[in-house]
Structure formats: C-alpha cells, structure tokens
Colleague: 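What follows is a single structure, and I will ask about it in a moment.
Keep in mind the model is a prediction, meaning the values are calculated, not measured. Starting from 1, each residue takes its place in the sequence as its number.
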Amino acid sequence: MTVKVMTARVMTERRPKVSTAWRLASLKRVYKYMILAALGLIVCVCAYFTPVFILFFAGGNGLEDEDFYKHQDDFNRVTNFLKTFAEQNQQEDYICLGVNGGTLDTIRLSWNGERLELDEKVRESLLAIDRVFSSKKCFLDTIRIRSNNIVFDTIDGQYSLVYTIDDKPPSRIDAVTSLEYNVKKIEAHWYHKIPKKKWFN
C-alpha cells in the first residue's frame with residue numbers, strides 16, 4: 001500500500017509543469033483558427049447566395065413596351081430566324097434553345113448540346129436582345145419554341161416576352177406547372193407574360 005502511494009507521488013512529481021502563459025498562448029491560437037474558419041465559411045456562404053439573391057429576389061419586372069419598340073427590328077430578325085429553324089425541325093414538338101455569351105464573338109444559341117449557325121446580323125440582334133434584358137435585371141436564359149409560340153424566357157422564370165405565330169394570346173395558365181400568368185399585348189403577335197405570384201412578392 002505504501003509502495004503504491006510513493007510510486008504515485010514520484011509519477012506526479014515527474015510530470016512537466018506547463019506555464020499559464022503557454023496555455024493562454026495555445027488557447028489564443030485555437031481561437032484564432034476558429035475565427036478564421038468561421039470567416040471563411042461566411043465568405044463561402046455569401047459568395048454562393050449573393051448571385052442567387054440577385055437572380056431570384058432582386059430581379060427586374062421585365063421589359064417595358066418602349067424597350068421592345070427600341071429593339072423591334074432585332075426581335076423580328078431573331079424570330080424570323082427561329083421560325084425558319086422550327087420549320088426545318090417540324091418533327092419536334094418542343095425546342096428549347098440556350099442563350100449564352102456576352103459579346104458579338106461569344107453570343108450563341110445552343111440546342112441539344114450543338115451550337116446553331118448564326119449569320120452576323122442575327123448574332124448582332126441576339127446580342128442586342130440579351131443586353132436589353134440584362135439592362136432591366138431580368139437575364140435572358142432560354143428561347144422556347146412550342147405550340148406556335150416563340151418565348152424569350154428569363155433565368156428566374158419571372159418574365160417572358162412571347163411571339164405568337166398565329167397572333168392568339170399565350171395561355172394564362174401553364175399546362176405543366178398550373179401557374180397563372182398576367183398577359184399584356186404589346187402589338188400584333190407580341191405579348192408580355194408575367195407570373196401572378198412572383199418569387200420575391
């Protein structure tokens with residue numbers, strides 16, 4: 001019993017003594033790394049959610065009639081190209097074209113992973129349309145051709161400019177989502193289409 005107590009005392013006496021100053025320095029280092037990690041996480045979250053906020057909650061209300069009239073020749077040129085494209089692909093009930101690029105050299109329409117051949121005038125008009133959408137904070141993302149309609153859709157789905165080939169107003173209720181829309185005629189064949197319930201209302 002005595003031997004055990006003495007061994008315990010010897011072991012206790014052999015433990016190195018750690019100064020309080022060293023402990024405080026270690027804690028400060030740990031806190032420093034924790035704060036840096038937290039700041040890094042905050043920066044990552046902000047970097048991810050800022051574009052989402054801009055696109056979905058700070059979007060514009062869409063084009064005005066004046067915006068359309070200012071670029072009417074551009075819209076007509078692009079829709080004429082798309083009508084010809086749709087006639088060449090009559091077997092397709094639905095065509096969804098991606099709009100990409102921000103300069104005359106990079107602007108393009110893509111379908112099924114393939115880039116469409118556009119002449120310079122069509123590219124110039126497409127770029128002008130893309131820029132007028134962007135100027136209103138409603139970014140052009142896709143052009144859809146379906147049911148005699150050519151629809152210029154924004155990335156957040158909160159606005160569409162619709163050309164109807166037969167001049168009938170576009171449906172006020174989406175057949176797929178059952179969402180209701182406000183439809184306003186600009187002139188023959190052309191309409192604004194906006195959801196009645198917007199994401200950021």
Side-chain angles (χ1 to χ4, degrees), residues 47-56 58-60 62-63 67-171 173-179 181 183 186-195 199:
Y48 176 79
F49 282 106
T50 297
V52 173
F53 176 84
I54 290 170
L55 292 175
F56 292 104
L63 274 58
D67 301 315
F68 169 79
Y69 287 121
K70 185 177 178 182
H71 295 280
Q72 188 168 9
D73 290 342
D74 294 313
F75 281 108
N76 287 335
R77 185 174 290 115
V78 171
T79 51
N80 286 335
F81 168 82
L82 293 171
K83 282 191 285 185
T84 302
F85 179 76
E87 287 168 7
Q88 294 168 349
N89 294 276
Q90 290 183 5
Q91 73 280 8
E92 303 290 340
D93 294 328
Y94 171 63
I95 297 172
C96 180
L97 302 166
V99 182
N100 303 102
T103 67
L104 190 58
D105 292 331
T106 60
I107 194 75
R108 66 181 182 178
L109 287 174
S110 303
W111 183 48
N112 291 337
E114 298 291 327
R115 183 174 178 167
L116 272 60
E117 289 294 328
L118 309 175
D119 66 39
E120 189 172 354
K121 287 290 184 185
V122 174
R123 280 193 290 118
E124 287 174 356
S125 291
L126 183 61
L127 180 62
I129 291 168
D130 185 57
R131 286 180 174 171
V132 73
F133 269 80
S134 297
S135 72
K136 296 294 181 176
K137 293 202 299 183
C138 51
F139 304 98
L140 183 62
D141 179 56
T142 53
I143 300 175
R144 305 175 198 276
I145 306 172
R146 179 172 51 193
S147 305
N148 289 315
N149 294 342
I150 297 173
V151 185
F152 296 79
D153 274 333
T154 58
I155 195 168
D156 59 2
Q158 297 299 286
Y159 172 76
S160 300
L161 183 69
V162 183
Y163 174 86
T164 59
I165 295 171
D166 56 10
D167 198 23
K168 291 181 181 177
S171 174
I173 299 175
D174 189 284
V176 177
T177 63
S178 299
L179 289 174
Y181 289 83
V183 174
I186 304 170
E187 63 168 52
H189 299 281
W190 288 99
Y191 297 84
H192 300 290
K193 189 174 178 182
I194 302 171
W199 288 47

Colleague: Going by atom type alone, with no hydrogens or angles, which donor-acceptor pairs under 3.5 Å involve a side-chain atom of residues 89-101 and a protein atom two or more places apart or on another chain?
Modeller:
residue	atom	partner	partner atom	Å
N89	ND2	F85	O	2.8
Q90	NE2	E87	O	3.4
Y94	OH	R144	NH1	2.7

Colleague: Rounded to the nearest 0.5 Å, what's the gap from CG on D166 to CG on N148? Could you check?
Modeller: 4.5 Å

Colleague: Of all heavy-atom pairs between V122 and D119, which one has the smallest distance, and what is that distance?
Modeller: N-OD1, 2.8 Å

Colleague: What's the shortest heavy-atom distance between E120 and L104, and which atoms?
Modeller: OE2-CD2, 4.3 Å

Colleague: Examine distances only and state if a side-chain atom of R131 and a backbone atom of G102 form a donor-acceptor pair shorter than 3.5 Å.
Modeller: yes

Colleague: What residues form a side-chain contact (heavy atoms from CB on, under 4.5 Å) with N112, not counting sequence neighbours?
Modeller: none

Colleague: Report yes if the side chains of P195 and L179 come closer than 4.5 Å at any heavy-atom pair, otherwise no.
Modeller: no

Colleague: Hey, could you give me the CG/CZ distance between D67 and F133, rounded to the nearest 0.5 Å?
Modeller: 9.5 Å

Colleague: Looking at L161 and F68, what are the two nearest heavy atoms and their distance?
Modeller: CD2-CD1, 4.1 Å

Colleague: Would a distance-only check, ignoring hydrogens and angles, find a side-chain to backbone donor-acceptor pair under 3.5 Å from N149 to V151?
Modeller: no

Colleague: Looking only at atom types and distance, does a side-chain atom of K193 sit under 3.5 Å from a main-chain N or O of D153, one as donor and one as acceptor?
Modeller: no

Colleague: What's the separation between atom CD1 in I129 and atom OG in S134, rounded to the nearest 0.5 Å?
Modeller: 12.0 Å

Colleague: Just jot down the side-chain contact (heavy atoms from CB on, under 4.5 Å) partners of E114, sequence neighbours excluded, or say none.
Modeller: none

Colleague: Report the residues that fulfil ring-ring contact (aromatic ring centres under 6.0 Å, His included) with H71, sequence neighbours left out, ordered by chain and then residue number.
Modeller: none

Colleague: Minimum heavy-atom separation for L63 to H192, with atom names?
Modeller: O-CE1, 3.2 Å

Colleague: Considering all heavy atoms of both residues, which atom of D141 and which atom of I155 are nearest to each other, and what is their separation?
Modeller: CB-CA, 3.5 Å

Colleague: Give the intermediate values and the outcome of side-chain contact (heavy atoms from CB on, under 4.5 Å) for residues I143 and L126.
Modeller: CA-CA 11 Å; I143 300 175; L126 183 61; 4.3 Å; yes

Colleague: Where the side chain of S171 meets the backbone of I173, is there a donor-acceptor pair that is under 3.5 Å apart?
Modeller: yes

Colleague: What distance separates F81 CZ from E117 CD, expressed to the nearest 0.5 Å?
Modeller: 9.0 Å

Colleague: Test: salt bridge (charged side-chain N to carboxylate O under 4.0 Å, His left out). Region: residues 68-83. Which pairs qualify, not counting sequence neighbours?
Modeller: D74-R77

Colleague: Do we see a donor-acceptor contact under 3.5 Å between the side chains of T154 and D156?
Modeller: yes

Colleague: For L140, is there any backbone N or O sitting under 3.5 Å from a side-chain donor or acceptor partner on Y159?
Modeller: no

Colleague: Under the rule for ring-ring contact (aromatic ring centres under 6.0 Å, His included), what residues qualify as partners of F152, not counting sequence neighbours?
Modeller: F75

Colleague: Testing the basics here: between H189 and I165, what is the closest heavy-atom pair and its distance to 0.1 Å?
Modeller: CE1-O, 3.3 Å

Colleague: Considering only heavy atoms from C-beta outward, does the side chain of W190 approach that of T79 to under 4.5 Å?
Modeller: yes

